[in-house]
Amino acid sequence: MRILIAEDDPAIVSFLVKGLRAEGYATAVAATGAEAHQLLSSSLESFDLVLLDLGLPAMTGVEVLTQLRQRDAALPVIVLTARAEVSDKVRGLELGANDYVTKPFSFAELLARIRATLRSTSQPTTNELVVGDLRLDLFTKVAWRGERRIDLAPREWALLELFMRHPTHVLSRTRILNEVWEYGFDPGNNIVDVYVSYLRKKINFDDTTPLILTVRGAGYRLVAH
Ligand code: CA
């Protein structure tokens, strides 16, 4: 799951990025409305939800939302607004926001709104990803291999979810890094390989077939049995 944060207040951005990453969401940040509009125009499909501040420079949140809804009616948007006026909230909802949160808000409150919004906008069939004998419950973030329950750390299930959304595809290290960590994140080490090895240890058992194959020079591939 990747969330676009369109917010110009650096303190709020850092609070959101930190909190969302700890919950296993990948994030991208736009500090102006124009930037948010540009990201949503060029890579709309790479986002699962948008947190949209209404008071943005260069292009207001309302304009970003209006433009977005002309192209995509489905991408969930939660409006963040410092304005307590009912009219702004109503306007946002009329324009197609799924929910709104008034600043200041607690992270727990926002997280609950995000989860509720994702739940109400996702198809029932997407609550669970199944590849071969591997199942991932997207809400409880618990994986099952056959009858065995596998508890995953946030980054591990973000990685497993990515593999399970693209079974049999070869995923390059760069793509994994961009989707599971964040744009432009340079860990300066082999963090992808380290996390793939953590994940393999959790999903492979002595009596089961290995599921994540290394494709030399290209990346990794989840095989479906
Ligand atoms: Ca603002």
Side-chain angles (χ1 to χ4, degrees), residues 1-122 138-139 154-155 158 161-162 177-187:
M1 291 280 178
R2 163 172 291 240
I3 296 180
L4 174 62
I5 303 167
E7 168 63 66
D8 61 323
D9 181 331
I12 297 178
V13 168
S14 112
F15 161 76
L16 291 175
V17 167
K18 220 176 284 174
L20 291 170
R21 281 170 56 183
E23 291 297 323
Y25 294 100
T27 55
V29 176
T32 68
E35 221 176 288
H37 174 66
Q38 203 274 324
L39 275 174
L40 289 169
S41 305
S42 61
S43 42
L44 178 73
E45 63 292 337
S46 68
F47 300 110
D48 299 289
L49 185 136
V50 182
L51 296 177
L52 180 64
D53 177 29
L54 285 186
L56 285 173
M59 198 173 156
T60 67
V62 166
E63 286 169 324
V64 173
L65 183 56
T66 308
Q67 296 280 324
L68 170 67
R69 283 300 179 242
Q70 281 169 10
R71 294 190 314 278
D72 184 275
L75 184 67
V77 173
I78 297 178
V79 160
L80 307 178
T81 175
R83 309 168 193 186
E85 292 94 339
V86 174
S87 61
D88 284 323
K89 295 174 188 170
V90 170
R91 180 105 198 275
L93 293 174
E94 271 174 1
L95 287 170
N98 299 71
D99 203 352
Y100 62 85
V101 176
T102 306
K103 299 173 189 172
F105 52 83
S106 72
F107 186 73
E109 180 196 354
L110 179 69
L111 190 60
R113 300 290 185 107
I114 289 172
R115 286 185 172 146
T117 300
L118 289 173
R119 204 163 17 226
S120 67
T121 53
S122 64
L138 294 174
F139 293 134
R155 204 68 80 176
E161 181 182 341
L162 177 66
L177 201 54
N178 281 339
E179 300 216 12
V180 177
W181 283 266
E182 61 274 353
Y183 284 121
F185 178 69
D186 179 14

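Whatever order the structure lists them in is the order used to number ligands and atoms, beginning at 1.
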- Rounded to the nearest 0.5 Å, what's the gap from CD on Glu7 to CG on Leu52? Could you check?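 Going from CD on Glu7 over to CG on Leu52, the span is 9.5 Å.
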
- Name all residues meeting the salt bridge (Lys or Arg N to Asp or Glu O under 4.0 Å) criterion together with Asp48; count only those two or more places apart in sequence or in a different chain, and write none if there are none.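 By the salt bridge (Lys or Arg N to Asp or Glu O under 4.0 Å) rule, Asp48 matches no residue at all.
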
- Query: Can you name the residues that form a side-chain contact (heavy atoms from CB on, under 4.5 Å) with Gln38, not counting sequence neighbours?
  - Reply: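 Expected list: Ser42.
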
- Message: Using the side-chain contact (heavy atoms from CB on, under 4.5 Å) criterion, which residues pair with Thr32? Sequence neighbours excluded.
- Response: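 Counting only residues at least two positions away or on another chain, Thr32 forms a side-chain contact (heavy atoms from CB on, under 4.5 Å) with Ala34, Glu35, Pro57, Ala58.
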
- Message: Whether Lys103 and Asp53 form a salt bridge (side-chain N of Lys/Arg under 4.0 Å from carboxylate O of Asp/Glu) is what I want to check.
- Response: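 Yes, Asp53 and Lys103 are salt-bridged.
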
- Task: Give every protein N, O or S atom lying under 3.0 Å from the Ca ion (ligand 1), naming each by residue and atom.
- Result: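 Listed by chain and number, the atoms are Asp8 OD1, Asp53 OD2, Gly55 O.
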
- Item | Val77 side chain near Thr117 side chain, heavy-atom distance below 4.5 Å |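 Heavy-atom side-chain distance check fails, nothing below 4.5 Å.
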
